[in-house]
Amino acid sequence: MAKVTPLTEAEITEHLKQHPGWERDGDSITRTFKADTYMAGLALAAAIGTTCDVLGHHPDLMIGWKKVTVRFTTHDAGNKLSAKDFEAAGKIAALGYHRD
């Protein structure tokens, strides 16, 4: 795999402004979505997983009772944040699920 360049602090700050609902947690970005039911959360996790698989950039997903937490970091960038993380966050936003 090709090495990916990590983002600078200024770039991370700018990307976060463009991706509402996402929060920085160290060298990751995270977002927790609430769901009406457990099964709706499973469906959301499947949609996120499918979307990210197409990108070849896979988040850590934690499925809980009526919630799904998504965490991105880029392993090929030394477990730092890269543009790939924010591109994937944008694709998840395009799914149209905004219940936080």
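- We find the CZ-CD distance between Arg31 and Glu23 to be 10.0 Å, quoted to the nearest 0.5 Å.
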Take Asp36 and Lys66 through the salt bridge (charged side-chain N to carboxylate O under 4.0 Å, His left out) test and state the conclusion after the steps.
CA-CA 6 Å; Asp36 290 331; Lys66 297 185 178 184; over 6 Å; no

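- Looking only at side-chain heavy atoms (C-beta outward), Leu55 and Glu87 come within less than 4.5 Å of each other.
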Under the salt bridge (charged side-chain N to carboxylate O under 4.0 Å, His left out) criterion, do Lys3 and Asp76 qualify, and how do the steps go?
CA-CA 5 Å; Lys3 180 122 171 110; Asp76 296 338; over 6 Å; no

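- Remark: Lys67 NZ is loosely packed, at most 12 non-hydrogen atoms of other residues, nucleotides or ligands lying under 6.0 Å away.
- In this structure, Phe86 and Phe72 have side chains that are not in contact, with every pair of non-hydrogen atoms separated by 4.5 Å or more.
- Panel note: side chain Thr32, backbone Val68; no donor-acceptor pair is recorded below 3.5 Å.
- Cluster membership check: Val70 shares its hydrophobic cluster with Leu95, using side-chain heavy-atom separations under 4.5 Å among Ile, Leu, Val, Met, Phe, Trp and Tyr.
- Counting heavy atoms from C-beta outward, Arg24 and Leu81 have side chains that approach closer than 4.5 Å.
- Between His57 and Cys52 the shortest side-chain heavy-atom distance does not fall below 4.5 Å.
- No path of Ile, Leu, Val, Met, Phe, Trp and Tyr side chains, each step under 4.5 Å between heavy atoms, connects Trp65 with Met62, placing them in separate hydrophobic clusters.
- The shortest distance between side-chain heavy atoms of Ile92 and Phe33 falls below 4.5 Å.
- Using a 4.5 Å cut-off on side-chain heavy atoms (C-beta onward), Leu7 and His15 make contact.
- Side-chain atoms of Asp85 and Thr74 include a donor-acceptor pair closer than 3.5 Å.
- In this structure, Ser82 and Thr5 have side chains that are not in contact, with every pair of non-hydrogen atoms separated by 4.5 Å or more.
- Using a 4.5 Å heavy-atom threshold, the side chains of Ile63 and Leu42 count as touching.
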